[in-house]
2 protein chains.
Amino acid sequence: MKQATVWDRSRQLARQEILEAAVRLFTTQGYDRTTTSEIAAEAGVSQRTLFRYFGTKEDLVCGDQDALGELLRTTVESQPPEVSAWAALRAGFLVLATANHSLDLTLTLSKLIFATPSLQASYVQKRLRWQQDLLPAVRDRLGGGSERELEARIVIAVSFACVDASTATWVASDGTEDIEALYDQAITVARSAK
Amino acid sequence: MKQATVWDRSRQLARQEILEAAVRLFTTQGYDRTTTSEIAAEAGVSQRTLFRYFGTKEDLVCGDQDALGELLRTTVESQPPEVSAWAALRAGFLVLATANHSLDLTLTLSKLIFATPSLQASYVQKRLRWQQDLLPAVRDRLGGGSERELEARIVIAVSFACVDASTATWVASDGTEDIEALYDQAITVARSAK
DNA sequence: TGCCAGTGTGTCAGTGACTGCCAAGATGGC
DNA sequence: GCCATCTTGGCAGTCACTGACACACTGGCA
């Protein structure tokens, strides 16, 4: 199954180049003040090609999120059965944090998302989908029955809230704090708060 | 301070007419397959006027949410001091449920939002803002210190998750079930799940 | 009654994201 | 070298949305 890869390589290269140009312009000019044709020109491709690689302007920032959601779900599902729902989710989040290509790029993109309302919307929407996709696995881990559906929703929502809180703190600290510790701290608060 | 109200009345009327036309077209054709100029024509105004009343196409569906968020916040803040954070939030949500103009319209719009991804995004985003606005009040009710900020975030997130779950169930039941009971059920699950 | 300021509306042109279509060039298998 | 396949660029068009301008209407004041 060895692929010819001349096309594949150039595709990969073009994609990379477009992405870099986009991030460069976004960080210097801001997301809203950067047009897609500008990015295309900077990357040396036509606007049409840009939209073939990234279906949406938002995808230039949030596009990789889809793959991350998939990674999260499979990680949670592949935890051994004796692992609790809480622990399974924690494991999934940790894999995400370490799987992120470069912490530096992650920090840059996170700042961009936090600073741009329209990006926040698409980011939150993608995360909502993650939560939906996690429902079956978490429900099964809680005991299975459809009565556990509500409980599963809550467990997932709380876990994500902890990710949010710790991520926000992490970004605010410019990436100096330890995300894992922050998450555990948030979970501790959540499970004792009542 | 009696207002002249000839303008006000015609403004109110135009707004109402645009809104009704929009809902009519959205429910019959779907949100994405309805253009703003179509709505304007149906309402008998120019497209420009439509955008003066509703800054965004999404606002035609989610526009009133802003006022609701304000109502939620003031309700929570005005609860007596001895009321717990959980109870204060519950009180706020109840006011929202009953304050909704018409349950019928609410049900229609909710279905529209649930069925349209782009609407979900703006809906969720607005609700995120509500959560932020609620932070100070809830934190104070939990004891005040900045250490309570994380806890406040969690309490709010869990409460909203319960609203989500109960609303989803309510919409799925076509509005026949009692939202208040559903919410209490969700909260019970949330506070015992751990 | 006539004038004037404030406000609402329509028209028009324009921007920016995004899509369908088609022609041209590059690539790889034969 | 030939042909199917893939990729790209250009172009026209749609749709959401905005700024600018002119016109009309309302209410207050002289």
Side-chain angles (χ1 to χ4, degrees), chain A residues 1-19 21-23 25-26 29-63 112-113 116-123 125, chain B residues 1-19 21-23 25-26 29-63 112-113 116-123 125:
Chain A
M1 273 294 180
K2 202 207 286 217
Q3 299 301 337
T5 65
V6 170
W7 272 334
D8 294 337
R9 260 180 298 160
S10 77
R11 269 183 69 95
Q12 191 65 27
L13 200 86
R15 194 186 157 85
Q16 198 69 22
E17 224 149 316
I18 294 172
L19 207 64
V23 172
L25 291 177
F26 285 160
Q29 311 178 350
Y31 178 82
D32 289 323
R33 275 185 303 281
T34 304
T35 67
T36 54
S37 50
E38 218 175 331
I39 299 170
E42 175 92 3
V45 298
S46 74
Q47 195 194 25
R48 193 68 189 84
T49 298
L50 185 150
F51 278 111
R52 266 192 274 256
Y53 280 92
F54 302 88
T56 307
K57 186 184 177 187
E58 290 171 349
D59 275 359
L60 286 163
V61 180
C62 302
L112 209 56
I113 293 173
T116 314
S118 53
L119 284 178
Q120 272 185 36
S122 81
Y123 174 68
Q125 196 190 0
Chain B
M1 272 296 179
K2 203 206 287 213
Q3 300 302 337
T5 65
V6 171
W7 272 336
D8 295 339
R9 258 180 298 161
S10 77
R11 270 185 68 95
Q12 192 63 28
L13 200 86
R15 195 187 157 84
Q16 197 69 22
E17 225 150 314
I18 294 172
L19 208 66
V23 172
L25 291 177
F26 285 160
Q29 311 178 350
Y31 178 83
D32 290 323
R33 276 185 302 281
T34 304
T35 68
T36 54
S37 50
E38 217 175 333
I39 299 170
E42 176 92 2
V45 297
S46 75
Q47 196 193 25
R48 193 68 187 82
T49 297
L50 185 151
F51 278 111
R52 268 193 271 257
Y53 280 92
F54 303 88
T56 308
K57 185 184 179 188
E58 290 171 350
D59 275 359
L60 286 163
V61 180
C62 302
L112 209 56
I113 293 173
T116 313
S118 54
L119 284 178
Q120 270 184 36
S122 82
Y123 174 68
Q125 197 191 1

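These numbers come from a predicted model, not from an experiment. Sequence lines set the chain letters: A, B, ... in the order given, protein chains first and strands last, and positions in each chain run from 1.
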Whole angstrom value for the distance that separates [atom2] of [N] from [atom1] of [X]:
X: B:R33; N: D:dT14; atom1: CZ; atom2: C1'; answer: 16 Å
X: B:E38; N: D:dT14; atom1: CD; atom2: P; answer: 14 Å
X: A:Q47; N: D:dG13; atom1: CD; atom2: C1'; answer: 13 Å
X: B:D32; N: C:dT19; atom1: CG; atom2: C1'; answer: 15 Å
X: A:R9; N: C:dT27; atom1: CZ; atom2: P; answer: 11 Å

Looking at residues at least two apart in the chain, or sitting in another chain, which of them share a side-chain contact (heavy atoms from CB on, under 4.5 Å) with B:T116?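 side-chain contact (heavy atoms from CB on, under 4.5 Å) list for B:T116, sorted by chain: B:Y31, B:D32, B:S118, B:L119.
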List the atom pairs, with distances to 0.1 Å, where a side-chain N or O of residues 37-52 of chain B and a protein N or O form a donor-acceptor pair under 3.5 Å, not counting sequence neighbours.
| residue | atom | partner | partner atom | Å |
| --- | --- | --- | --- | --- |
| B:S37 | OG | B:T35 | OG1 | 3.4 |
| B:E38 | OE1 | B:T35 | N | 3.1 |
| B:E38 | OE1 | B:T35 | OG1 | 3.4 |
| B:E38 | OE2 | B:Q29 | NE2 | 3.1 |
| B:E42 | OE2 | B:R24 | NH1 | 2.5 |
| B:S46 | OG | B:R48 | N | 3.4 |
| B:S46 | OG | B:T49 | N | 3.2 |
| B:S46 | OG | B:T49 | OG1 | 3.1 |
| B:Q47 | NE2 | B:T36 | OG1 | 2.9 |

Scan B:T34 against the nucleic acid and name what it touches under 4.0 Å (heavy atoms): base, sugar-phosphate only, or nothing.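 Counting heavy atoms under 4.0 Å across all strands, the contact made by B:T34 is with sugar-phosphate only.
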Mind listing the residues from residues 49-63 of chain B sitting with a heavy atom below 4.0 Å of DNA chain D? Number order is fine.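 Listed by number, they are B:F51, B:G55, B:T56, B:K57.
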Does a nitrogen or oxygen in the side chain of B:T36 sit under 4.0 Å from OP1 or OP2 of D:dA16? yes
Mind checking which stems touch DNA chain C? I mean at least 3 consecutive Watson-Crick or G-U pairs, both distances under 3.5 Å. C:1-30 with D:1-30
Donor-acceptor pair, side chain of A:Q120 and main chain of B:Q125, under 3.5 angstrom: no
A:R11 and A:Y53, any side-chain heavy atoms less than 4.5 Å apart: yes
Quick check: on DNA chain C, is the nucleotide nearest A:Y31 upstream (toward 5') of the one nearest B:S46, or the reverse? Name the residue that is more 5'.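 Closest to the 5' end, via its nearest nucleotide, is B:S46.
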Using the rule side chain to side chain contact (heavy atoms under 4.5 Å, CB included), only one of A:V23, A:L60, A:L13 pairs with A:I18; which is it? A:L60
A:R48 side chain: which of C:dC21, C:dT9, C:dA17 is closest?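 Output: C:dC21.
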Could you tell me which non-hydrogen atom of B:D59 sits nearest to which non-hydrogen atom of B:F54, and how far apart they are? O-CD2, 3.9 Å
So, using salt bridge (charged side-chain N to carboxylate O under 4.0 Å, His left out) as the criterion, who are the partners of A:E17 when residues are at least two apart?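 Once residues adjacent in sequence are excluded, A:E17 has no partner under the salt bridge (charged side-chain N to carboxylate O under 4.0 Å, His left out) criterion.
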